2 protein chains.
Amino acid sequence: MENKEISQAVIGRLPRYFRFLGELKDEGVERISSQELSDIMNVTASQIRQDFNNFGGFGQQGYGYNVEYLYEEIGRILGLDKTHNLIIIGAGNLGQALANYTNFERRGFLFKGIFDCDPTLYGKKIRSMEVKPMEEMEDFVRANEIDMAVLTIPKTGAVEVAGRLARTGIRGIWNFAHVDLNVPERIQVENVHLSDSLMKLAYNINRFENMDLSGFERGSYV
Amino acid sequence: MENKEISQAVIGRLPRYFRFLGELKDEGVERISSQELSDIMNVTASQIRQDFNNFGGFGQQGYGYNVEYLYEEIGRILGLDKTHNLIIIGAGNLGQALANYTNFERRGFLFKGIFDCDPTLYGKKIRSMEVKPMEEMEDFVRANEIDMAVLTIPKTGAVEVAGRLARTGIRGIWNFAHVDLNVPERIQVENVHLSDSLMKLAYNINRFENMDLSGFERGSYV
């Protein structure tokens with residue numbers, strides 16, 4: 001059913017559909033039309049239909065989609081019917097924050113190990129994991145069938161570590177380092193560039209400030 | 001010079017240009033052609049020219065762009081010539097991680113306060129800030145000319161806090177809560193939905209797995 005030509009823009013929207021459908025399911029909603037989904041998700045109904053048509057349309061018939069079916073199909077497309085084994089590289093605040101997100105586990109993302117190059121952290125317990133030295137990373141990846149590595153280290157270290165990971169069997173890197181990684185094509189990289197996101201917010205704030213504020217005056221709320 | 005019609009896709013690419021140009025500048029590169037920039041950034045030269053034309057083209061003449069000029073112009077467009085005052089809502093690991101990113105400060109994003117609803121955290125020092133109770137948030141925002149709030153709290157709390165923020169003069173919300181916020185149009189929201197990003201990575205891994213691996217066999221690296 002998957003189509004190799006599906007754009008990353010469409011893929012990028014699937015998790016959001018999945019999230020909204022999960023909430024609808026939890027609320028006991030059984031069927032939903034593309035128009036209703038459009039209203040709550042704030043995207044056009046035609047966008048929704050177009051996105052879904054990439055995957056065969058999910059059998060909309062009569063009145064809309066079957067919520068549970070749609071939720072499960074999108075989950076399956078996203079690979080959430082499988083489990084993934086992850087390691088975290090970098091046991092700082094961000095690494096610890098991610099390790100403690102129980103939501104990831106519920107979706108089949110299992111944190112198996114956490115590594116750092118700071119000896120004072122070795123053995124420190126983060127959830128059920130003990131921080132291990134970086135030297136043990138490669139063996140650990142191989143021995144524990146690790147699929148994905150999460151990089152929460154500064155950009156200088158990230159480039160080197162990505163190279164080392166590329167020589168293991170890792171399939172994906174979730175990269176929080178502020179650098180674009182060059183890895184072989186078989187390794188998927190998903191970047192979370194926090195500074196980029198913050199700069200985009202700054203742009204949008206300043207753009208709005210420069211627009212016609214018709215009636216809204218900054219400071220008038222005080 | 002800013003144009004109100006510029007798409008969010010273009011805006012979303014500006015921070016990446018800014019980052020690469022900053023690195024070129026640091027390396028002492030003075031001029032660069034769109035083709036050279038294309039090679040290092042892994043986007044097409046025509047995409048670069050198209051993006052830049054949204055802002056008047058940045059005066060490419062003769063051999064390429066002036067790196068420093070381009071870097072500064074894009075920084076100015078992103079609003080990085082101004083400073084922004086931020087508060088963090090949620091003093092957990094993620095909130096602390098963000099508070100400790102010195103990179104943000106270098107770009108003019110100044111963390112002024114951090115808030116939590118957990119009394120055991122009140123007074124805890126995070127960098128130069130002491131964790132304050134949520135009740136003090138509104139007064140603090142007004143007294144300290146806070147532009148942006150960073151939400152690093154669970155989604156249930158985030159909706160309520162966004163509503164409270166909307167009644168202050170806040171201009172932007174950097175939202176890490178796994179929920180879409182409904183706030184007045186004058187407030188810009190930039191979402192960092194970590195689960196969505198991780199799911200997209202899972203999709204791409206599984207899609208690759210289902211493709212013709214021609215010569216690359218999973219496991220063969222062991």
Side-chain angles (χ1 to χ4, degrees), chain A residues 2 4 8 11-12 14-16 18-19 41-42 77-80 82 84 92-94 96-98 100-101 103-104 107 109 142 147-148 167-169 171-172 174 178 180 186 188 190 192-211 213 216 218-219 221-222, chain B residues 2 4 8 11-12 14-16 18-19 41-42 77-80 82 84 92-94 96-98 100-101 103-104 107 109 142 147-148 167-169 171-172 174 178 180 186 188 190 192-211 213 216 218-219 221-222:
Chain A
E2 272 92 330
K4 282 157 202 165
Q8 287 295 305
I11 306 313
L14 288 183
R16 191 160 175 265
F18 185 75
R19 173 156 50 91
M41 289 191 63
N42 207 18
I77 289 167
L78 287 168
L80 304 181
K82 309 184 178 83
H84 296 280
N93 281 315
L94 183 57
Q96 292 188 37
L98 297 173
N100 283 308
Y101 271 26
N103 251 342
F104 296 152
R107 298 282 177 242
F109 298 97
R142 292 182 180 116
D147 295 301
M148 302 182 184
R167 290 187 290 276
T168 70
R171 299 156 69 202
W174 199 23
H178 202 217
D180 290 5
R186 67 170 192 279
Q188 310 300 314
E190 178 72 20
V192 182
H193 288 323
L194 294 176
S195 300
D196 290 11
S197 167
L198 186 54
M199 286 184 205
K200 195 175 166 210
L201 178 57
Y203 172 88
N204 282 322
I205 283 175
N206 292 301
R207 181 194 60 127
F208 185 84
E209 206 72 350
N210 295 332
M211 280 166 61
L213 295 186
F216 175 74
R218 175 148 164 70
Y221 53 85
V222 184
Chain B
E2 272 91 332
K4 283 156 200 166
Q8 286 296 304
I11 305 314
L14 288 184
R16 191 160 174 266
F18 184 74
R19 172 155 51 90
M41 290 190 63
N42 206 19
I77 290 167
L78 287 169
L80 304 180
K82 309 185 179 85
H84 296 280
N93 281 314
L94 183 56
Q96 292 187 38
L98 297 172
N100 283 308
Y101 271 25
N103 251 343
F104 296 152
R107 299 282 176 241
F109 298 98
R142 293 181 179 116
D147 296 301
M148 301 182 185
R167 289 187 291 275
T168 69
R171 298 157 70 203
W174 199 22
H178 202 216
D180 289 6
R186 69 171 191 279
Q188 310 300 313
E190 178 70 21
V192 182
H193 288 325
L194 295 176
S195 300
D196 290 11
S197 167
L198 186 55
M199 286 184 204
K200 195 176 165 209
L201 179 58
Y203 172 89
N204 282 322
I205 282 176
N206 292 299
R207 181 195 60 128
F208 185 84
E209 206 71 350
N210 296 333
M211 279 165 63
L213 295 186
F216 175 75
R218 175 148 163 70
Y221 53 85
V222 185

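Because the structure is a prediction, the values reported are computed rather than measured. Sequence lines set the chain letters: A, B, ... in the order given, protein chains first and strands last, and positions in each chain run from 1.
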Portion of [X] that has a non-hydrogen atom of chain A nearer than 4.5 angstrom:
X      : result
B/H178 : both
B/I205 : both
B/R19  : side chain

Interatomic spacing from CG in A/N204 to CG in B/L78 - rounded to 0.5 Å: 10.0 Å
- line: Separation between CG (A/L94) and CG (B/N93), nearest 0.5 Å, reads 9.0 Å
Pairing residues for B/F104 by the side-chain contact (heavy atoms from CB on, under 4.5 Å) criterion, not counting sequence neighbours: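 side-chain contact (heavy atoms from CB on, under 4.5 Å) list for B/F104, sorted by chain: A/L194, A/S195, A/L198, B/L98, B/Y101, B/F109, B/F111, B/W174.
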Determine the minimum heavy-atom distance between [X] and [Y], stating which atoms define it.
X      : Y      : result
B/G172 : A/L201 : CA-CD1, 4.1 Å
A/A202 : B/M148 : CA-CE, 3.8 Å
B/R171 : A/N206 : NH2-OD1, 3.8 Å
B/K200 : A/I11  : CG-CG2, 3.7 Å

task: I would like to know whether A/Q188 and B/R207 meet side chain to side chain contact (heavy atoms under 4.5 Å, CB included); could you show each step before the answer?
output: CA-CA 10 Å; A/Q188 310 300 314; B/R207 181 195 60 128; 3.9 Å; yes
- prompt: Heavy-atom distance under 4.5 Å to chain B: side chain of A/N42, backbone, both or neither?
  reply: neither
message: Taking side chain as everything from C-beta outward and backbone as N, CA, C, O, which of these in A/R16 sits under 4.5 Å from a heavy atom of chain B? Side chain, backbone, both or neither.
response: both
message: Within the 4.5 Å heavy-atom criterion, are B/L80 and A/M199 side-chain neighbours or not?
response: yes
query: Which residue out of B/G12, B/G79, B/S197 racks up the most heavy-atom pairs below 4.5 Å with chain A?
result: B/S197
